Trainee: 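So that we are looking at the same thing, I have put the structure below in C-alpha cells.
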Amino acid sequence: MSLTEDLTRLFEDAFTALNLPAEYAAVRVSDRSEMAQFQCNGAMPAAKISGKPPRDIAAEVVARLKDHPAFKSLEIAGPGFINIHVTDAFLSEHVQDVHLPHLAEHNETIVLDYGGPNIAKSMHVGHLRTGIIGDTLRRILKAAGFNALGDIHMGDWGTHMGILMMDYIRTGEEHVVMDCDLDDPVAVQALFDDMYIRYPKASGAAKEDESLMADARTATLNLQNGEEPFRSMWQKIRDVSVRAMERNYGDLNVWFDIWKGEADAHPYIAPMAEKLKEQGFLVQDDGAWVIPVEKNDDKKKVPPLILYKRDGAVMYGSTDMATIVERVQDFNPARMIYIVDQRQSLHFEQVFRAVRLSGIVRDEVELTFAGVGTMNGTDGKPFKTRAGGVMRLADMIEMARAKALERLNEASLALEMSDSERLDVASKVGIAALKFADLQNQRHADYIFDLERMTQFEGKTGPYLLYQAVRIKSLLRKAGMHDIEHCSFGSLLLQISETERRLALFLTHFPDVFKLAVKNYTPHVLCDYAFSLAQEFSSFYGNCHILSEEDEGIKQSRLFLCAQTLFVLTQTLDLLGIETPERM
RNA sequence: GGUCCCGUAGCUCAAUGGAUAGAGCAUCUGCCUUCUAAGCAGAGGGUUGCAGGUUCGAGUCCUGCCGGGAUCGCCA
C-alpha cells in the first residue's frame, strides 16, 4: 500500500465512524508543500450533505485521528482543508517499501496496437509518437501485472501495394523484386531503396492517370485473392520491409510481441462477412457492402463502415474488424487499446460500433482509442525536412545520435572511454533525448518537435535524467556497492534534514503516479515524476555531503536515499523505454 | 456548414473541481582546490482567448462567442 493509501485508510475509518461517506476521505499529496505534506479535502463535500459547517467536521475528524502515531501534525486551514504532516518514522517505513503496485487481477491480456507502418515505404517521423507511446504503455501495463502484448499491425494489404506492384510490372522490372536475396543485406537495402524512390512516383502517377489507378485497384484485388505474381512479389516486399522495421524500432528500443499485419486478418474477413450478412448487419449500399453504425441519439453523422468496396476489394475498416476477430480468437483479451493518430478517431468509432453491434466483442471487453497528437515543426505545422519533404525515421534517429556525440565532445565527457563505448553512450543519450521529448507531452495533444531544443541537454530532458542516474551510480560505486541496481539495504535515520525529508517524501509518491499512468494511459505523468525526482535528488546532492560524511549513521542513511532514488529513477526510465548507461 | 480537439509566463509545456496556477528554456544575481557545473541556490515574468452560468470552491464542468487545427463513405 502506498503512503497516501495508508493515510486514506485511516481517514476512511474516521469518516465512517462519523457517519460520513468514506469516498470523501481521500488523502492526497498537498499542492501547497510549504503548508503540508498531505491533505484531505473531504470535510467540505461532507458539510454539504450533513448540513454542518465544514470546519466543525474537519475538527471531528482530526479529533479522532490526532493521537495516531503516523501523524506529526493535523491542522485545519481555510474553509476546511485538513493539512497533514507525518512522522519521520512513518515516512521511513514507506521509503523502504517503495514498489510498483500490482494492478492486474487475473493476469488479464491486453492487446496494444501501436505500429501501423506500411510495407514498401520508409518509416517516417509520423511513426515516432505512436511507437514510443504505445511501447511505453505496453511496458507500464506489463509492469502492473497484465499480459500486455504489442502488435505492430503493418499496413500490408491496401491499394498502395497494387500501385507499387503494377509499377514494377508495367516497367518490366519485376525481377528487381523477385531476384532479391533476403540473406544478402546489401541486396535487401538496395530493394528497399528502390521501393522508397519508386513508390512516391508511382503513387503520383496513379493519382494523375485514372487508368493507372484502375490497374492498381485490380492488382490489389488480385493480391487479396492470392493470385500470382502478386502474391510472391508481395511476400518479398513484405520480408524486406520487415527487416527495415526491425532496425528502426530496434534503434528506438520499441518492442512488439506480435508481428502481424492487415494481410493476416484477411482469412477472417469472408467468414465474418458471411455471418454479418446472416445477422442482417451487412447490407448492400450503392454497390458496396456496408455496416450501418449510426445511432438514434447521434449528434454527428457517422458513416457506415465499408466492408467491401464497389469493386469487391476490402478496406482498412474490414481488416481492422477482422483483426479484432482474430485477436479475440487468439488471445481473448480483456482490453484492446489503439495507440494511433488522433485523426483516426472517427474510423475507430465506426469499427468499435460495428464489433459491439454484431457481438464480435462482448460488452465487458474494453475497447480504447488512445489517440495521439500530431508532431509539428517549430512553425506549428506538420513536421517537414528543410527541403519540405517527410523526414525518414532513420535519419532523425541518426541526427539525434550525432548531436549527442557532439555534446559529449563539447563537454569533454566520456573521454576515457573506448570508441565503441562512447558511441554506445552517445546513442543512449540521443535516443533518451528523442523519447523523453515526446513522452513528456500529453498523449492526445499536438506537440512541437524541436531537435535543436531537445538536444540542448539542459533542463527537462532525457539526458538530464540519465546524468542524474549515472551520478548516483558513480557515487554508489565509490561507496563500494556493486549490485547497485538491487541494493535494498539500510534505512532512513530518524533525524534528517529538510532536504532529505523532501526527497524521501517524493520517493513515496511513486506508486500513486504509476497508478495514474495506468488508469489514464498517460505516460507523461511518469516523465513529470522522473524529472521532479531528479531535481529533488540534485538538490539533496548539492546540499548534503555523502561520501565525506563522518557520522557513519548519517552516511548510511544518505546512501540508502541514494540507492532508493536510483531504484525508482531507473525503474521509471525503464517504464519509459529509456536505457541508462553505466557512466557518461 | 455539422462534429471533435486545442487556446495557460516572451517560447515549449504541466496542473484526479481545491488554498497564493507550476516547471523547463530565455533574461538577471550568486556558487566549481569535496562525491560528474549536462549541476545547485535565488530573482523577475500571468486578467488561464472573451462573456455569462453551475457551487462552499472553476484553468478544469455547462452555454454562447473569438481564434487555430482535425475530420465529415468506396485512400490509410
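Everything quoted here is computed from the prediction, not taken from an experiment. Order of the sequence lines fixes the chain letters, A, B, ..., with proteins taken first and strands second; residue numbering starts at 1 for each chain.
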Trainee: Out of B:G39, B:C72, B:U12, which has the shortest distance to the side chain of A:Arg453?
Mentor: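 Per side-chain heavy atoms of A:Arg453, the pick is B:U12.
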Trainee: Return the nearest nucleotide to the side chain of A:Pro304; candidates are B:C74, B:G39, B:G73.
Mentor: B:G73
Trainee: Below the 4.0 Å mark, does B:A14 have OP1 or OP2 next to a side-chain nitrogen or oxygen of A:Gln442?
Mentor: yes
Trainee: Looking at the side chain of A:Asn41, which of B:C75, B:G18, B:U36 is the nearest nucleotide?
Mentor: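 Between B:C75, B:G18, B:U36, the one nearest the side chain of A:Asn41 would be B:G18.
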Trainee: Using the P atom as the point on both nucleotides, what is the distance between B:U55 and B:U3, in whole Å?
Mentor: 27 Å
Trainee: Could you tell me whether A:Val302 contacts a base, only the sugar-phosphate backbone, or nothing, with contacts defined as non-hydrogen atoms closer than 4.0 Å?
Mentor: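 Here A:Val302 touches no strand at all.
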Trainee: By the 4.0 Å heavy-atom rule, please label A:Arg28 as base, sugar-phosphate, or nothing.
Mentor: base
Trainee: For B:C35, does either OP1 or OP2 sit under 4.0 Å from a side-chain N or O belonging to A:Ser548?
Mentor: no
Trainee: Once you round to the nearest 0.5 Å, how far does CZ of A:Arg129 lie from CD of A:Gln342?
Mentor: 10.0 Å
Trainee: Assign A:Gln39 to base, sugar-phosphate, or nothing according to its heavy-atom contacts below 4.0 angstrom with the strands shown.
Mentor: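 Base contact.
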Trainee: From the list B:C72, B:C74, B:A76, which nucleotide is the closest neighbour of the side chain of A:Glu262?
Mentor: B:A76
Trainee: So, is A:Lys478 near the phosphate of B:U36, with a side-chain N or O under 4.0 Å from OP1 or OP2?
Mentor: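 For B:U36, OP1/OP2 do have a side-chain N/O of A:Lys478 under 4.0 Å.
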Trainee: Less than 4.0 angstrom from a charged side-chain N to a carboxylate O is my criterion; do A:Glu549 and A:Arg558 meet it?
Mentor: yes
Trainee: Tell me whether the OP1 or OP2 atom of B:A37 has a side-chain N or O from A:Arg471 closer than 4.0 Å.
Mentor: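 Affirmative; the distance criterion is met.
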Trainee: Inspect the contact between A:Arg583 and A:Glu421 and indicate whether a charged nitrogen and a carboxylate oxygen are less than 4.0 angstrom apart.
Mentor: yes
Trainee: Using a heavy-atom cut-off of under 4.0 Å over every strand shown, decide if A:Cys544 touches base, sugar-phosphate, or nothing.
Mentor: base
Trainee: With a 4.0 Å cut-off on N to O distance, would you call A:Glu210 and A:Arg217 a salt bridge?
Mentor: yes
Trainee: When rounded to the nearest Å, what value does the distance between P atoms of B:C65 and B:C4 take?
Mentor: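 The answer is 13 Å between these two P atoms.
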Trainee: How far, in whole Å, is B:A23 from B:G42 if one measures between their P atoms?
Mentor: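 Each nucleotide's P atom is 11 Å from the other's.
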Trainee: Base, sugar-phosphate, or nothing: which does A:His524 touch, judged by heavy atoms less than 4.0 Å apart?
Mentor: sugar-phosphate
Trainee: Can you tell me how far the CE atom of A:Met315 sits from the OG atom of A:Ser318, to the nearest 0.5 Å?
Mentor: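 So the gap between those two atoms works out to 7.0 Å.
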Trainee: Strictly by Watson-Crick or wobble contacts shorter than 3.5 Å, is anything paired with B:A26, and which nucleotide is it?
Mentor: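 Matched B:A26 with nothing under the 3.5 Å cut-off.
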Trainee: Give one of base, sugar-phosphate or nothing for A:Val290, where a contact means two heavy atoms less than 4.0 Å apart.
Mentor: base
Trainee: Taking atom C1' of B:G24 as reference, at what distance in whole Å does atom CE of A:Met454 sit?
Mentor: 15 Å
Trainee: Tell me whether the OP1 or OP2 atom of B:G73 has a side-chain N or O from A:Tyr316 closer than 4.0 Å.
Mentor: no
Trainee: A:Glu34 has an atom CD; how far is it from atom C1' of B:G22, in whole Å?
Mentor: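 After rounding, the gap between these two atoms is 12 Å.
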Trainee: Look at all strands and tell whether A:Asp450 reaches a base, only sugar-phosphate, or nothing, counting heavy atoms closer than 4.0 Å.
Mentor: nothing
Trainee: Counting only Watson-Crick pairs (N1-N3 plus N6-O4 or O6-N4) and G-U wobbles (N1-O2, O6-N3), all under 3.5 Å, who is the partner of B:U71?
Mentor: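 Across all strands, the one nucleotide that pairs with B:U71 is B:G2.
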Trainee: Considering only atom C1', compute the distance from B:U27 to B:G10 and round it to an integer number of Å.
Mentor: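 B:U27 and B:G10 have their C1' atoms separated by 10 Å.
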Trainee: Applying a 4.0 Å non-hydrogen cut-off, can you work out what A:His444 is touching in the nucleic acid: base, sugar-phosphate, or nothing?
Mentor: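 Sugar-phosphate, backbone atoms only, no base.
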Trainee: Tabulate protein N/O versus nucleotide N/O from nucleotides 60-70 of chain B, keeping only pairs under 3.5 Å, one per line.
Mentor:
none

Trainee: Using whole Å, what does the distance between atom P of nucleotide B:G73 and atom CZ of A:Phe348 come to?
Mentor: 17 Å
Trainee: Can you work out whether A:Phe449 or A:Phe81 has the more 5'-proximal nearest nucleotide on RNA chain B?
Mentor: A:Phe449
Trainee: Roughly how many Å apart are B:G64 and B:G1, using the P atom of each and rounding to a whole number?
Mentor: 15 Å
Trainee: Identify which one of A:Phe348, A:Phe369, A:Tyr521, A:Tyr114 satisfies the ring-ring contact (aromatic ring centres under 6.0 Å, His included) criterion when paired with A:Tyr338.
Mentor: A:Phe348
Trainee: Whole angstroms only, please: what is the CZ-C1' distance between A:Phe540 and B:G39?
Mentor: 15 Å
Trainee: Find the partner of B:G52: check Watson-Crick (N1-N3 plus N6-O4 or O6-N4) and G-U wobble (N1-O2, O6-N3) distances, both under 3.5 Å, and reply none if neither fits.
Mentor: B:C62
Trainee: Scan A:Asn83 against the nucleic acid and name what it touches under 4.0 Å (heavy atoms): base, sugar-phosphate only, or nothing.
Mentor: base
Trainee: Heavy atoms within less than 4.0 Å of RNA chain B: which residues of residues 200-212 of chain A have one? Give them sorted by number.
Mentor: none
Trainee: Would you mind classifying the nucleic acid contact of A:Lys309 as base, sugar-phosphate or nothing, using non-hydrogen atoms under 4.0 angstrom?
Mentor: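 It contacts base atoms.
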Trainee: Using the C1' atoms only, state how far B:A26 lies from B:C13, rounded to an integer number of Å.
Mentor: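 Here B:C13 and B:A26 have their C1' atoms 15 Å from each other.
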Trainee: Does A:Met44 reach a base, just sugar-phosphate, or nothing at all? Heavy atoms under 4.0 Å.
Mentor: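 Counting heavy atoms under 4.0 Å across all strands, the contact made by A:Met44 includes a base.
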Trainee: Using the P atom as the reference point in each nucleotide, state the distance between B:U20 and B:C25 in Å, no decimals.
Mentor: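 Those two atoms are separated by 28 Å.
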Trainee: Tell me, yes or no, whether the heavy-atom count around A:Arg502 atom CZ, taken from other residues, nucleotides or ligands under 6.0 Å, exceeds 12.
Mentor: no
Trainee: I want to confirm an ordering. Mapping A:Gln468 and A:Pro79 to their closest nucleotides on RNA chain B, which one lands closer to the 5' end?
Mentor: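 Closer to the 5' end of RNA chain B: A:Pro79.
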Trainee: Please work out if A:Asp286 contacts a base, only the sugar-phosphate, or nothing of the nucleic acid, heavy-atom cut-off 4.0 Å.
Mentor: base
Trainee: Contact class for A:Ala479 (heavy atom, under 4.0 Å): base, sugar-phosphate, or nothing?
Mentor: nothing
Trainee: Do NZ/NE/NH1/NH2 and the carboxylate oxygens of A:Asp151 and A:Lys260 come within less than 4.0 Å?
Mentor: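 The answer is no: the pair does not qualify as a salt bridge.
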Trainee: Would you mind reading off the distance between A:His124 atom NE2 and B:A76 atom P, rounded to a whole angstrom?
Mentor: 15 Å
Trainee: Identify whether any heavy atom of A:Gly78 sits under 4.0 Å from a base atom; if not, whether one sits that close to sugar-phosphate; answer base, sugar-phosphate or nothing.
Mentor: nothing
Trainee: Could you check B:C5 for me: syn (within 90° of 0) or anti?
Mentor: anti
Trainee: Rounded to whole Å, how long is the line connecting atom OH of A:Tyr114 with atom P of B:A76?
Mentor: 23 Å
Trainee: Side-chain N or O of A:Ser539 less than 4.0 angstrom from OP1 or OP2 on B:A41?
Mentor: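 For B:A41, OP1/OP2 do have a side-chain N/O of A:Ser539 under 4.0 Å.
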Trainee: Please verify the inter-ring angle class for A:Phe514 with A:Phe510; under 30° counts as parallel, over 60° as perpendicular, anything in between as tilted.
Mentor: tilted
Trainee: What is the distance, rounded to the nearest whole Å, between atom NZ of A:Lys300 and atom C1' of B:G1?
Mentor: 17 Å
